[in-house]
Amino acid sequence: MSGFVEKPEPIQVPGLVHLHTGKVRELYQNEAGDLVMVASDRMSAYDWVLPTEIPDKGRILTQLSLWWFDQLADLVPNHVLGTDVPAGAPADWAGRTLVCKSLKMVPVEAVARGYLTGSGLLEYNDSRTVCGLALPEGLVDGSELPAPIFTPATKAAVGEHDENVSYEEVARQVGADTAARLRQATLAVYSRGRDIARDRGIILADTKFEFGFDGETLVIADEVLTPDSSRFWPADTWQPGRAQPSYDKQFVRDWLTSPASGWDRKSEQPPPPLPQEVVDATRAKYVEAYERLTGTSWS
């Protein structure tokens, strides 16, 4: 059992039809048929949407995605049409709203890994593979891989867990041509993001993307290279063989699984509220990631 600890009621706005409440975003459609994505300050971890929000998180994700879309524009088109807040919407939507093309989404989480950790490490320790791809002996938590790999996952509903799948399974589900284009775009975007982050003292360990089709054109959608969709590590403290400090929500995951939280991840009980010091530290990590990557002050 998982999902929302406290599922929010979507805000109703004249001229917009509410389509979906996601873990982090509310999705609407305007009268022109375009999608309106609004990033909340909600935090998700371990397939739960937590009861505590992280102030400014939705704006940070939105503004960082917009910055990355500009850095990636020559590699792959994106779905953004504009950032204007629809008439009648709350003032709080400013800075967290994207008006986007409606795409035919590819039902695959396009994951790229340049370093071994997380679910990839668990599979590697069991079989020396990740998503069926054989890797060398001797790798440990945090090891850099010989080359980035495409390790797709099925897209799960809120409260369910994405499952890693093989490239062959993706090709079976979406077709060989789409699978090949997905892999090429994923690795190209990851490599660009990795190089830009590295120049700013950050390791992009892994990340996930969502793609859709605008006619025959493959388009990158949703968020891109944010602390919610990526693992960011400080390069100057990287040390394989242990868990790495991070600029992402790993800090929240670590608190939830610590004795301090009093929460048993294996139980069916929802996670507890986050203490203020965890909220403040998490916000600071998201702000630092934004500022180090973009070179601009969040304030």
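Computed from a prediction, not measured in an experiment: that's the story for all the values here.
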Trace of the side chain to side chain contact (heavy atoms under 4.5 Å, CB included) decision for I60 with V287: CA-CA 7 Å; I60 294 169; V287 168; 3.7 Å; yes
side-chain hydrogen bond (donor to acceptor under 3.5 Å, both in side chains) evaluation trace for S40 with E53: CA-CA 8 Å; S40 74; E53 296 189 339; 5.2 Å; no
Look at the side-chain heavy atoms of Ile, Leu, Val, Met, Phe, Trp and Tyr, link any pair under 4.5 Å apart, and say whether V252 and F232 land in one connected group. yes
Closest non-hydrogen atom pair between P152 and C131, with its separation: O-SG, 3.7 Å
Do Y115 and W238 have their ring centres less than 6.0 Å from each other? yes
Name the orientation class of the two ring planes belonging to F69 and H79 (parallel below 30°, tilted from 30 to 60°, perpendicular beyond 60°). perpendicular
Between L145 and L135, is there a side-chain heavy-atom distance shorter than 4.5 Å? yes
Check the side chains of T151 and N164 for a donor-acceptor pair under 3.5 angstrom, ignoring hydrogens and angles. no
Consider only side-chain N and O atoms of Q29 and S102, and report whether a donor and an acceptor are under 3.5 Å apart. no
Please find the pair of heavy atoms, one from T207 and one from Y190, that lie closest to each other, and give the distance. CG2-CD1, 3.9 Å
Please answer: with hydrophobic residues joined when any side-chain heavy atoms are less than 4.5 Å apart, are V17 and L98 in the same cluster? yes
Return yes if a side-chain donor-acceptor contact under 3.5 Å exists between E223 and T226, otherwise no. yes
Does a side-chain heavy-atom distance below 4.5 Å link V24 with K57? yes
Residue pair K23, D228: steps toward the salt bridge (Lys or Arg N to Asp or Glu O under 4.0 Å) verdict: CA-CA 11 Å; K23 291 178 181 179; D228 261 23; over 6 Å; no
Report whether V80 and V76 are members of the same hydrophobic cluster (ILVMFWY, side-chain heavy atoms less than 4.5 Å apart, transitive linking). yes
Report the C-alpha separation of R200 and E291 in whole Å, then their side-chain angles, then the decisive distance to 0.1 Å, and conclude whether the salt bridge (Lys or Arg N to Asp or Glu O under 4.0 Å) test is met. CA-CA 10 Å; R200 290 154 172 79; E291 292 183 339; over 6 Å; no
Less than 4.5 Å apart, any side-chain heavy atom of Y28 and any of I11? yes
Give the minimum heavy-atom separation between L64 and P227, together with the two atoms involved. CD2-CD, 3.7 Å
Rounding to 0.5 Å, atoms CH2 (W68) and CG (D70) come to a distance of 11.5 Å
Between R253 and Q250, a side-chain donor and acceptor under 3.5 Å: yes
Here the gap from T83 atom OG1 to W93 atom CH2, rounded to the nearest 0.5 Å, amounts to 14.0 Å
With sequence neighbours left out, what residues match W255 under ring pair (Phe, Tyr, Trp, His ring centres under 6.0 Å)? none
Validation row: P271, S261 side chains within 4.5 angstrom (heavy atoms): no
Find the distance between CE (M43) and OG1 (T52) and round it off to the nearest 0.5 Å. 10.0 Å
Could you walk me through whether D56 and Y286 satisfy the side-chain hydrogen bond (donor to acceptor under 3.5 Å, both in side chains) test, starting with their C-alpha distance in whole Å, then the side-chain angles of each, then the deciding distance to 0.1 Å, before giving a yes or no? CA-CA 9 Å; D56 285 332; Y286 276 60; over 6 Å; no
Does M105 sit in a hydrophobic cluster with other residues, and if so which ones, taking ILVMFWY side chains as linked at heavy-atom separations under 4.5 Å, directly or through other members? L103, V219
Closest non-hydrogen atom pair between P148 and R194, with its separation: CG-NH1, 3.4 Å
Minimum heavy-atom distance between P272 and L256, given as atom pair plus value: CD-CD2, 4.2 Å
Tell me whether I149 shares a hydrophobic cluster with W233, the cluster being built from Ile, Leu, Val, Met, Phe, Trp, Tyr side chains joined at under 4.5 Å. no
Does anything in residues 84-102 pair up under salt bridge (Lys or Arg N to Asp or Glu O under 4.0 Å), and if so which pairs, sequence neighbours excluded? D41-R96, R59-D92, D92-R96, K101-D214
Would you please say whether a donor-acceptor pair under 3.5 Å links the side chains of T186 and K208? no
Quick check: is L121 connected to V130 through a chain of hydrophobic side chains (ILVMFWY, heavy atoms under 4.5 Å apart)? yes
Please tell me if the side chains of R25 and L61 come closer than 4.5 Å, counting only heavy atoms from C-beta onward. yes
Step through the shown structure and confirm whether more than 12 heavy atoms of other residues, nucleotides or ligands are within 6.0 Å of CD on E277. yes
Just checking, any donor-acceptor pair under 3.5 angstrom between side chains of H18 and E26? yes
Positive for side chain to side chain donor-acceptor pair (under 3.5 Å) with Y247, one of R231, R292, K285: R292
Should the heavy atoms of other residues, nucleotides or ligands under 6.0 Å from CD of E31 be counted, would the total exceed 12? no
Between L35 and V99, is there a side-chain heavy-atom distance shorter than 4.5 Å? no
Could you tell me whether the side chain of T21 reaches within less than 4.5 Å of the side chain of F4, counting heavy atoms only? yes
Does L293 reach the side chain of L225, with side-chain heavy atoms less than 4.5 Å apart? no
Do D248 and S246 have side-chain N/O donor and acceptor atoms under 3.5 Å apart? yes
Least distance between heavy atoms, V36 atom then P86 atom: CG1-CG, 4.1 Å
